[in-house]
Amino acid sequence: MASRPVHVRAPGKINVYLGVGPRHDDGYHSLATVFQAVSLYEDVYASPSDAFTLEVDGDVDVSGVPLDDRNLAMRAAKLLAQTAGVDAGVHLRIRKGVPVAGGMGGGSADAAAALVACDALWGTELGAHRLHELAARLGADVPFALHGGTAVGSGRGDELTPALARGRFDWVLVLSEQGLSTPAVYGQLDLLRAQDGAVADDPPMSLDVPLAVLQALRAGDARDLAPALLNDLEVAALVDRPDLTSALVDGIRFGALGGIVSGSGPTIALLCDDPDQARLVQDLLRDTGRTALHVHGPVPGARVMG
Ligand code: C5P
């Protein structure tokens with residue numbers, strides 16, 4: 001067992017495409033999605049301990065993060081200990097760079113990082129396949145945070161197929177002070193779909209990621225990807241947060257090629273042509289008083305840092 005803290009870094013994600021199918025009896029919706037891991041990170045430090053304890057700090061507002069068993073990283077550590085028969089605890093320190101309740105999978109990244117960190121700390125060597133299984137039990141987005149890069153997600157979003165993506169994509173994120181609840185946004189979409197004519201698209205019976213999305217990623221072509229960006233949850237997020245529309249409109253007015261709500265929101269992701277354009281869009285958005293961040297993707301999934 002290691003005696004020094006193990007440091008694992010895991011990325012936040014953007015759903016470049018998010019098609020939402022019908023709701024199933026377990027409360028989950030079937031998805032056809034494309035995730036891209038971006039350069040906004042959660043850093044998790046795991047130290048030996050007899051008990052399971054947690055502290056959280058970071059660059060973003062962490063006041064809403066639970067420190068008990070509601071925390072996904074804590075659940076991840078306990079699940080791994082139970083599965084691998086480890087008779088020890090861990091102290092986890094989480095340094096958050098991904099906005100809390102922002103639609104970028106920050107909590108899922110914490111869980112993925114905690115799995116990898118505890119696996120290294122305890123020397124359990126579960127291997128990628130079993131870690132993926134544990135990740136999927138913790139939450140739909142956790143396997144992708146392990147995997148990173150660019151990947152197609154089906155099922156609940158946890159069945160992953162790597163997607164080819166050439167080069168780098170530059171994104172400007174517009175952060176919100178107030179988060180959104182993922183279950184509430186999915187619930188809002190169900191309500192809208194139940195109202196005749198409220199949204200054009202009833203849940204599609206068969207879900208597929210459009211070829212245009214995959215081709216644009218494969219070609220590394222942001223100009224082709226921009227018009228193909230789509231998020232079925234966007235309309236539901238905008239019901240609660242009409243202010244997000246102006247961030248999307250301003251981003252495009254300032255030169256972004258296109259934009260979407262990230263996951264269940266409220267973070268906005270604006271796709272730019274290159275780093276220079278992204279910096280310009282970021283600066284102009286900041287001039288309007290918004291919190292804007294230039295990031296790029298794809299980046300690797302949860303990994304031990306040297
Ligand atoms: O799996 P996770 O805990 O991240 O999901 C949070 C919530 O998001 C679920 O409880 C569910 O309400 C909603 N969700 C869904 N369909 C999915 C993924 C998430 O309805 N495929």
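Excluded from the calculations below are hydrogen atoms, water molecules and symmetry mates; all remaining heavy atoms, backbone and side chain alike, are included. Every value quoted in this text rests on a predicted model; they were computed, and no experiment measured them. Atoms within each ligand, like the ligands themselves, are counted from 1 in listed order.
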request  = Test Asp61 against Lys96 for salt bridge (charged side-chain N to carboxylate O under 4.0 Å, His left out), laying out the working first.
outcome  = CA-CA 9 Å; Asp61 178 9; Lys96 294 191 75 71; over 6 Å; no
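- Donor-acceptor pairing under 3.5 Å is lacking for the side chains of Thr267 and Ser262.
- Classified by interplanar angle (parallel below 30°, tilted 30° to 60°, perpendicular above 60°), the ring pair Phe35/Phe144 is parallel.
- Within ligand 1, counting atoms from 1 as listed, the ones closer than 4.0 Å to a heavy atom of His29 are 15 (C), 16 (N), 17 (C), 20 (O), 21 (N).
- Heavy-atom proximity to atom 12 (O) of ligand 1, evaluated over Gly21, Gly155, Pro183, Ser108, is greatest for Pro183.
- Here Tyr186 and His29 bring their ring centres to under 6.0 angstrom of each other.
- Taking a 6.0 Å sphere around CD of Gln178, one finds it holds 12 or fewer heavy atoms contributed by other residues, nucleotides or ligands.
- Across Thr150, Leu18, Ile14, a single residue satisfies side chain to side chain contact (heavy atoms under 4.5 Å, CB included) together with Val34, and that is Thr150.
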request  = Dump the intermediate steps for side-chain contact (heavy atoms from CB on, under 4.5 Å) on Asn15 and Asn231, then the final yes or no.
outcome  = CA-CA 8 Å; Asn15 297 84; Asn231 179 358; 5.7 Å; no
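- Scanning the protein for heavy atoms near atom 14 (N) of ligand 1, the closest one is Tyr186 CE1, 3.4 Å.
- Remark: minimum distance from atom 4 (O) of ligand 1 to any protein heavy atom is reached at Ala140 N, 3.9 Å.
- Numbered from 1 in the order shown, with element, the atoms of ligand 1 that lie under 4.0 Å from a heavy atom of Gly27 read 20 (O).
- Within ligand 1, the atoms closer than 4.0 Å to a non-hydrogen atom of Leu31 are 21 (N), numbered from 1 in the order shown.
- At the shortest separation from atom 2 (P) of ligand 1 among protein heavy atoms lies Tyr28 OH, 3.5 Å.
- Among protein heavy atoms, the minimum distance from atom 8 (O) of ligand 1 is reached at Thr182 CG2, 3.3 Å.
- For ligand 1, the atoms sitting less than 4.0 Å from at least one non-hydrogen atom of Arg156 are 17 (C), 18 (C), 21 (N), numbered in the order shown with element in parentheses.
- Close contacts between ligand 1 and Gly139 involve ligand atoms 1 (O) [criterion: under 4.0 Å to a heavy atom].
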